[in-house]
Amino acid sequence: MQQHISLRSFNTFGIDVSAAAYTELHTPADLQTLIREGYTRTSHLFLGGGSNVLFTRDFDGLVLRNCLKGIHVVEEDAHTVLIEAAGGEVWHHLVMFTVERGWGGIENLSLIPGTVGAAPMQNIGAYGVELNQVFEELTAVHIQTGEQRTFNKQDCAFGYRESVFKKDLKGQYFIQSVRLRLQKQPQVHIAYGAIKDVLAQKHITLPRVQDVSEAVIAIRQSKLPDPRVLGNAGSFFKNPEIPEAQYHILKQSFPAIPGYPAAPGHIKVPAGWLIEQCGWKGKRVGNTGAHKDQALVLVNYGGATGAEILALAYAIQESVQQRFGITITPEVNII
Ligand code: EPU
């Protein structure tokens with residue numbers, strides 16, 4: 001247990017706030033000990049890779065970092081393999097573990113920052129694939145009672161960047177391990193435009209899992225800032241889903257407005273486009289800004305406070321509201 005430590009290296013925005021206390025969980029038994037000793041009954045916060053949080057002030061409690069490691073095969077047959085990974089594993093390491101073996105399912109989710117335990121929280125997704133498509137079950141621990149529970153796909157109530165752990169069970173469970181079912185004779189998902197383009201440039205006609213992973217890595221590296229170089233937490237806002245009728249009205253005033261099928265009767269509009277139209281793309285405000293290649297990603301140019309980034313986010317939200325009448329909501333957890 002460490003006292004008054006800086007969280008700067010534990011959040012990808014690189015915000016320099018401090019935590020009153022900090023500890024790491026390396027085994028499931030560590031968590032049980034902390035629960036028994038009452039630490040989870042006072043102010044606390046579980047942290048994975050810190051890639052989806054914005055700290056706006058010092059945290060006056062205990063930060064518990066999930067450092068549980070391990071990846072293993074649970075069972076396999078001729079067609080599929082069930083793997084289990086501990087919650088503190090780096091997500092991209094898990095992706096590489098599967099890609100190296102030619103197992104398909106999460107190659108489109110290459111290079112997403114963060115940990116395995118955080119992945120189901122927000123049902124991570126990219127380039128046409130979401131975690132729920134390969135998800136089998138997870139083991140979580142109730143942070144007050146220490147009781148272990150298995151959640152299947154239905155229990156998790158996955159949605160677009162949503163799960164039961166962000167809603168009804170928010171703050172109640174610690175995700176200890178996750179099981180995914182992968183394919184040994186995979187069908188790759190390359191419908192997402194940019195993937196097709198990268199593969200075509202490389203003259204790859206029958207892409208393997210490895211090729212798709214490499215294409216995704218190349219796309220991400222070309223568009224998304226590396227948090228080790230420029231502080232950020234990926235997409236700051238979710239892409240809003242608006243009623244079809246509202247979309248058609250907007251289309252009359254803004255013929256170029258992109259839209260993708262979403263929940264029945266709704267259209268998903270890329271928030272990055274809306275933000276760019278409002279003039280924020282590449283714009284710098286003090287030490288913060290909206291990234292030059294992807295307006296949905298807010299960045300810390302160095303030394304920004306969480307409050308400054310939040311102020312920028314509010315200003316962006318307000319201008320999108322004014323111009324389009326659409327409310328965009330943060331995807332990042334604001335603490
Ligand atoms: N666009 C712009 N200007 C911008 C950014 C985007 O006009 O500055 C428009 C373009 O029309 C583009 C469309 O938005 O065709 C979609 O852009 P992109 O493919 O970059 O995806 P996104 O909708 O902005 C989502 C995820 C990303 C994920 C990509 C790829 C959300 C909130 N974000 O972004 O996830 O990598 O798709 O699948 O759904 C993350 O969650 O942190 C994240 C990076």
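Both ligands and their constituent atoms are indexed starting at 1 by order of listing.
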Between the side chains of [X] and [Y], does any donor sit under 3.5 Å from an acceptor?
| X | Y | answer |
| --- | --- | --- |
| His79 | Gln183 | no |
| Gln322 | Glu318 | yes |
| Asn152 | Glu137 | no |

Pi-cation contact, [Y] with [X] (under 6.0 Å, within 45°):
| X | Y | value |
| --- | --- | --- |
| Arg149 | Phe151 | yes |
| Arg57 | Phe55 | no |
| Lys153 | Phe158 | no |

So how far is it from Leu64 CG to Leu34 CG, rounded to the nearest 0.5 Å? 6.0 Å
Under 4.0 Å, heavy atoms only, figure out whether ligand 1 is touched by the backbone of [X], its side chain, both or neither.
| X | value |
| --- | --- |
| Glu276 | side chain |
| Phe236 | neither |
| Phe237 | backbone |

Heavy-atom proximity to atom 34 (O) of ligand 1 ranks first, among Ala194, Pro113, Gly259, Ser235, for Ser235
Any [X] heavy atom less than 4.0 Å from ligand 1:
| X | value |
| --- | --- |
| Gln122 | no |
| Arg161 | yes |
| Arg220 | yes |

Indicate yes or no: does an N/O atom of Asp293 lie under 3.5 Å from an N/O atom of ligand 1? no
Examine Ala295 against ligand 1 and note whether any of their N/O atoms are separated by less than 3.5 Å. yes
Hits for salt bridge (charged side-chain N to carboxylate O under 4.0 Å, His left out) against Glu24, two or more places apart or cross-chain, chain-then-number order -> Arg65
From atom 40 (C) of ligand 1, is the closest protein heavy-atom distance below 4.0 Å? yes
Taking atom 28 (C) of ligand 1 as the reference point, the nearest protein heavy atom with its distance: Ala126 CB, 4.1 Å
